[in-house]
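Here is the structure we will look at, set down as structure tokens.
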Amino acid sequence: MRRTRSAGRRLSVRVACASTMVACVLAIGSAAPAGAVPMPEMPTPLADHFYVAPGNLDSHKPGDVLKSRNMPDPLGLIGVKATQLQFRSTDSTGHPIAAVATILVPPNHKPDGPVLSYGAIINSLGLECAPSHTMFDNIPDRDDAVTVGMNLPLQMGWAVVIADHLGPRSAYGAARLGGQITLDSIRAAQSYEPLHLDHSKVGLTGYSGGGMAAAWAAALAPTYAPELPIVGAAIGGVPMNLQTMADVLGRNAHPAFGLAFAAAIGLEREYPDMLPMQAALNADGRKLRHAINNACTRDLLIMGAGQSAPRLANDFSLFDAPNTHKILAENSLEKYDGKPNVPVFEWHSPTDVLIPVDAINVTMKRWRAQGVSVNQMATPSPDHLSAAVIGMPQAIQFLSQHMG
């Protein structure tokens, strides 16, 4: 596989900083001023016309394919047929959006053979940082470790669906959105006849931020996409209570503050009327916000290193704003009453200091009480990153038992 060492280094940056992703949501802000709420700065649109949404989104159902195209071999993978689909999905407030997914089909995949929906770790605000770009662009220092770990399922003959689960606004931090886009990407892949996946069994997997998308997809599937033939979900290192994470982290300077600030920006993009962070930033905050508006992980970390909310905000009244708590609860699996209707394999480090482990255990206990078959594995590792590597082979093994 190409660029393994470089990709692994960048992956370590992503997963090591997962816990900072929502601290700023509570650490920055003020009540909305009287009158209209200023719209947040959105990511720069891509020059590629494939990503432009058609004007008739309302006439399509979630999962409907809007556009398709063939792609070359992804970086590090040879002989894999790559197809990209634009499809209709739904944002966090129920409005139609156009999303994109990349489907990888190995030469030994049989028609209606297994499909793996893989939640990539995407810590970014720029649209060019999404997997549908980074798997092909060969530009250093973008979020390009998506294909790490894909060789095993592809060698097993599985097709792999990788959604740009942050959506067309690159709404980093909007976990429920990621679940909905993931489910609609599966719908699109199965309905696209040239892929021959219409009767395939589907497994869900992902770690950290990618695990959030996969876990939300599993929990939402019974009501959002009950027709999908999902047979199991393997999720690791998933932040399941964003409120707890934000409460624990506090307001002090942090080397990964850029990711926390980016998550606040991403959530404001998704909930502009409910999270008016723009009005709360001081001049330094607005300057940093503009600087990272299209940034991938590396630049988010560099430009935000050592910063803190008190340096960038006018006040902190958003800490206690009801809308803030509502947004965090809406994106926290621990607070969601629904449950998967398929077996679940969950893994994490028991000493992971970057995510609230108690929230994972509470959620898994509730799922069991609701009748879900849950198999948990505490990895023999002290940290977030090593747990990702240790648990993935067991995750694939678990899914293979259900995919047939």
Side-chain angles (χ1 to χ4, degrees), residues 1 3-21 76 116-124 129 131 134-135 143-154 156 158 160 162-163 165-166 172-173 175 178-179 182 203-218 232-240 245 256 259 263 296-298 300-301 333 344-357 359-361 363-364 374-400:
M1 182 180 298
R3 302 195 301 172
T4 301
R5 182 172 60 184
S6 175
R9 173 176 57 82
R10 292 170 195 142
L11 178 61
S12 70
V13 170
R14 293 185 192 87
V15 297
C17 300
S19 68
T20 64
M21 62 180 292
L116 178 68
S117 172
Y118 175 72
I121 301 172
I122 317 171
N123 298 339
S124 66
C129 314
T134 61
M135 283 193 286
D143 297 357
D144 55 359
V146 177
T147 56
V148 174
M150 287 296 94
N151 273 327
L152 177 58
L154 289 170
M156 294 169 63
W158 295 4
V160 180
I162 304 171
H165 58 76
L166 300 188
Y172 179 44
T182 296
L204 302 168
T205 195
Y207 189 84
S208 194
M212 290 174 73
W216 268 104
I235 54 177
V238 179
M240 294 191 174
M245 291 172 66
L259 292 184
C296 300
T297 303
R298 176 179 177 273
L300 289 176
L301 289 169
L333 273 172
V344 172
F345 172 76
E346 187 280 324
W347 82 96
H348 63 271
S349 167
T351 55
D352 192 331
V353 298
L354 299 177
I355 58 173
V357 172
I360 295 175
N361 293 328
T363 305
M364 295 303 103
V374 177
N375 180 12
Q376 283 188 273
M377 182 180 78
T379 61
S381 58
D383 58 67
H384 194 68
L385 174 59
S386 58
V389 178
I390 292 173
M392 187 56 74
Q394 287 89 334
I396 298 300
Q397 181 180 17
F398 168 83
L399 291 175
S400 68

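Note that the coordinates shown come from a computational prediction; the quantities given were computed from them, not determined experimentally.
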* Asked: Does the pair Met212 and Met240 meet the rule for a side chain to side chain contact (heavy atoms under 4.5 Å, CB included), with working shown?
  -> CA-CA 8 Å; Met212 290 174 73; Met240 294 191 174; over 6 Å; no

Is a side-chain donor or acceptor of Thr205 paired with a backbone partner of Ala234 at a separation under 3.5 angstrom?
-> yes

Scanning both residues in full, the closest heavy-atom pair of Leu116 with Leu399 reads CD1-CD1, 3.6 Å

Taking every heavy atom of Ile122 against every heavy atom of Pro131, the minimum-distance pair comes out as CD1-CD, 3.4 Å

_Go through it in stages, so that I can follow the logic: the residues are Gln397 and Leu152, the test is side chain to side chain contact (heavy atoms under 4.5 Å, CB included), and I'd like the CA-CA distance, side-chain angles, deciding distance and then a yes or no._
CA-CA 10 Å; Gln397 181 180 17; Leu152 177 58; over 6 Å; no

Looking only at heavy atoms, the pair that brings Ser208 and Ile121 closest together is CB-CD1, 4.3 Å

- Please tell me if the side chains of Ile396 and Met156 come closer than 4.5 Å, counting only heavy atoms from C-beta onward. yes

4.5 Å side-chain heavy-atom contact, Ile390 and Pro380:
yes

Residues Ala163 and Thr182: closest non-hydrogen pair is CB-CA, 4.5 Å

Residue set satisfying side-chain contact (heavy atoms from CB on, under 4.5 Å) with Gln394, at least two apart, ordered chain then number -> Phe345, Met377

message: In the structure I gave you, are the side-chain heavy atoms of Ile355 and Val238 within less than 4.5 Å of one another anywhere?
response: no

Using a 4.5 Å cut-off on heavy atoms from C-beta on, say whether the side chain of Asn375 contacts that of Val344.
no

ask   = Quick one: does Ser386's side chain get under 4.5 Å of Thr379's, heavy atoms only?
value = no

Is Tyr172 close to Asn123 at the side-chain level, that is, under 4.5 Å between some pair of heavy atoms?
yes

Tightest non-hydrogen contact, residues Ala120 and Ile162, listed as CB-CG2, 4.2 Å

Q) Would you find a donor on one side and an acceptor on the other, under 3.5 Å apart, between the side chain of Trp347 and the backbone of Ala395? A) no

Give a yes or no on whether the backbone of Ser381 and the side-chain of Ser349 come within a donor-acceptor separation of less than 3.5 Å. yes

Q | Test item: Asn361 and Gln376 side chains (from C-beta on) under 4.5 Å apart, heavy atoms | A | yes

Notebook entry, point to check: What about the rings of Tyr207 and His348, do their centers lie closer together than 6.0 Å?
Noted result: no

Looking only at heavy atoms, the pair that brings Val160 and Met150 closest together is CG1-SD, 3.5 Å

- Task: Could you tell me whether a side-chain N or O of His165 sits under 3.5 Å from a main-chain N or O of Gly119, the two making a donor and an acceptor?
- Result: no

